[in-house]
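Comments concern the structure below.
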Amino acid sequence: MNPIISLANLIDLALEVYLYIIFIAVILSWIRLTPSDPTTASVLRFFDRATEPVFSFFRRAFRLERYTSPIDLTPLFVIVAIYFFRLFVVQTMRNMNLIGNLLQAIFYTAYFLLNIYFWIVVVAAFLSVMACFWPYHPMSQMRVPLIDRLTEPVCAFFKRLFKSPLEMQFQNAVAPLDASPFVLLLAVYLAKRLLIVLAMLSV
């Protein structure tokens, strides 16, 4: 086997293993285990040492706290970077198609990010429905600053584009339904389909 291809396969395997380490580290950070047991403490220390230097580098290099606080999205940025690296660098080592792999990496990475964004908009649309039909329910009062920050400017853009508040009035609803998140969902879906077509054409 070509030594460059063998090296590419080795790098790809190492990055895949590291992705699993990131996922486990994130899950452990959600669980918040108390490291009273020596074995538990050793496990937590391993995952912290394996991921925190990379996370810290991304936080310093891209000043992520400015954009994602109070939610730490650094693991997501690292995962996206690894995803792009595997699609572009590792795949280029395998077939030497630099331009084609670069375009595919850009399109598929954008598709990956749009998938995440799609579900963020789904939450925004759900909260819009709750505010329309059940405004006094505790969930309708819930506010997630990150979701607002990621969706409200784009929804405002669509309202300016259509020169309309994009609201729908229902007979039994307490307040008008803000339909802009649903317009945004459609736009994200169409953008995802377009990226797939572009990725296939770049082969």
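By convention here, the first residue in the shown sequence is residue 1.
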Subject >> Exercise: identify the closest heavy-atom pair between Asp48 and Pro53 >> reply: O-CD, 3.9 Å
**OP:** Grab the two heavy atoms, one from Pro153 and one from Asp148, that are nearest each other, plus how far apart they are.
**Re:** CD-O, 3.7 Å
Original post:
Closest heavy-atom contact between Pro181 and Cys155?
Top reply: N-SG, 3.9 Å
Original post:
So, Ser29 side chain and Val26 main chain: donor-acceptor pair closer than 3.5 Å or not?
Top reply: yes
**OP:** Given side chain to side chain contact (heavy atoms under 4.5 Å, CB included), test Trp134 with Val129 step by step and report yes or no.
**Re:** CA-CA 8 Å; Trp134 301 279; Val129 171; 4.1 Å; yes
Original post:
Passes side chain to side chain contact (heavy atoms under 4.5 Å, CB included), Lys192 versus Asn115? Steps please.
Top reply: CA-CA 8 Å; Lys192 286 169 57 180; Asn115 269 328; 2.7 Å; yes
Original post:
How about Phe133 and Phe170: are their ring centroids closer than 6.0 Å?
Top reply: yes
Original post:
Just one of Ile22, Leu73, Ile116, Thr74 clears the side chain to side chain contact (heavy atoms under 4.5 Å, CB included) bar with Ile79, so which one?
Top reply: Ile22
**OP:** With rounding to the nearest 0.5 Å, note down the distance linking CG in Leu194 to OH in Tyr189.
**Re:** 12.5 Å
Original post:
Is Trp119 linked to Tyr108 within one hydrophobic cluster, defined over Ile, Leu, Val, Met, Phe, Trp and Tyr using a side-chain heavy-atom separation of less than 4.5 Å?
Top reply: yes
Original post:
Going through the distances and angles, do Phe88 and Ile106 end up as a side chain to side chain contact (heavy atoms under 4.5 Å, CB included)?
Top reply: CA-CA 8 Å; Phe88 176 45; Ile106 291 172; over 6 Å; no
**OP:** In plain terms, say whether Lys159 and Glu152 are close enough for a salt bridge, that is, a side-chain N and a carboxylate O under 4.0 Å apart.
**Re:** no
**OP:** State the CD1-CG distance between Ile196 and Leu201, to the nearest 0.5 angstrom.
**Re:** 11.0 Å
Subject >> Heavy-atom pair of closest approach, residues Tyr111 and Arg193 >> reply: OH-NH1, 4.1 Å
Original post:
Minimum heavy-atom separation for Val90 to Ala8, with atom names?
Top reply: CG1-O, 3.5 Å
**OP:** Mind checking the CG-CG spacing from Asp178 to Leu127? Nearest 0.5 Å is all I need.
**Re:** 11.0 Å
Original post:
Is Phe182 linked to Val123 within one hydrophobic cluster, defined over Ile, Leu, Val, Met, Phe, Trp and Tyr using a side-chain heavy-atom separation of less than 4.5 Å?
Top reply: yes
Subject >> Separation of Thr151 OG1 from Leu185 CG (nearest 0.5 Å) >> reply: 10.0 Å
**OP:** Determine, using ring centers only, whether Phe112 and Tyr83 are less than 6.0 Å apart.
**Re:** yes
**OP:** Hey, could you give me the CG/OG1 distance between Leu114 and Thr109, rounded to the nearest 0.5 Å?
**Re:** 11.0 Å
Original post:
Any side-chain heavy atom of Gln104 within less than 4.5 Å of one from Leu87?
Top reply: no
Subject >> Geometric class of the Phe162/Phe158 ring pair [parallel <30°, tilted 30-60°, perpendicular >60°] >> reply: parallel
**OP:** State, with a plain yes or no, whether a side-chain heavy atom of Ile11 is found less than 4.5 Å away from one of Phe85.
**Re:** yes
Subject >> Linked, directly or transitively: Leu186 and Leu166 (ILVMFWY side chains, under 4.5 Å) >> reply: no
Original post:
Between Val89 and Phe84, is any pair of side-chain heavy atoms under 4.5 Å apart?
Top reply: no
Original post:
Can you tell me how far the OG1 atom of Thr51 sits from the CZ atom of Phe46, to the nearest 0.5 Å?
Top reply: 9.0 Å
Original post:
Are Met200 and Leu190 joined in one hydrophobic group, where the rule is that I, L, V, M, F, W and Y side chains link up if heavy atoms are under 4.5 Å apart?
Top reply: no
**OP:** Check the hydrophobic clustering (I, L, V, M, F, W, Y; side-chain heavy atoms under 4.5 Å; chains of links allowed) and say if Leu13 and Tyr18 are grouped together.
**Re:** yes
Original post:
Tell me, do Gln91 and Asp12 make a side-chain contact under 4.5 Å, heavy atoms counted?
Top reply: no
**OP:** Grab the two heavy atoms, one from Gly100 and one from Asn97, that are nearest each other, plus how far apart they are.
**Re:** N-OD1, 3.2 Å
**OP:** Indicate yes or no: at least one non-hydrogen side-chain atom of Glu167 is less than 4.5 angstrom from one of Leu177.
**Re:** no
Subject >> Side-chain heavy-atom pair Leu184, Tyr117 within 4.5 angstrom cut-off >> reply: yes
Original post:
In terms of side-chain heavy atoms, does Thr92 have a donor or acceptor partner in Asn101 at a distance below 3.5 Å?
Top reply: yes
**OP:** Determine whether Cys132 and Pro176 make a side-chain contact, defined as any pair of heavy atoms from C-beta on separated by less than 4.5 Å.
**Re:** no
Original post:
Hey, does Ile82 have a side-chain heavy atom less than 4.5 Å from the side chain of Leu19?
Top reply: yes
**OP:** Decide whether Asn9 and Arg94 meet the rule of one side-chain donor and one side-chain acceptor closer than 3.5 Å.
**Re:** yes
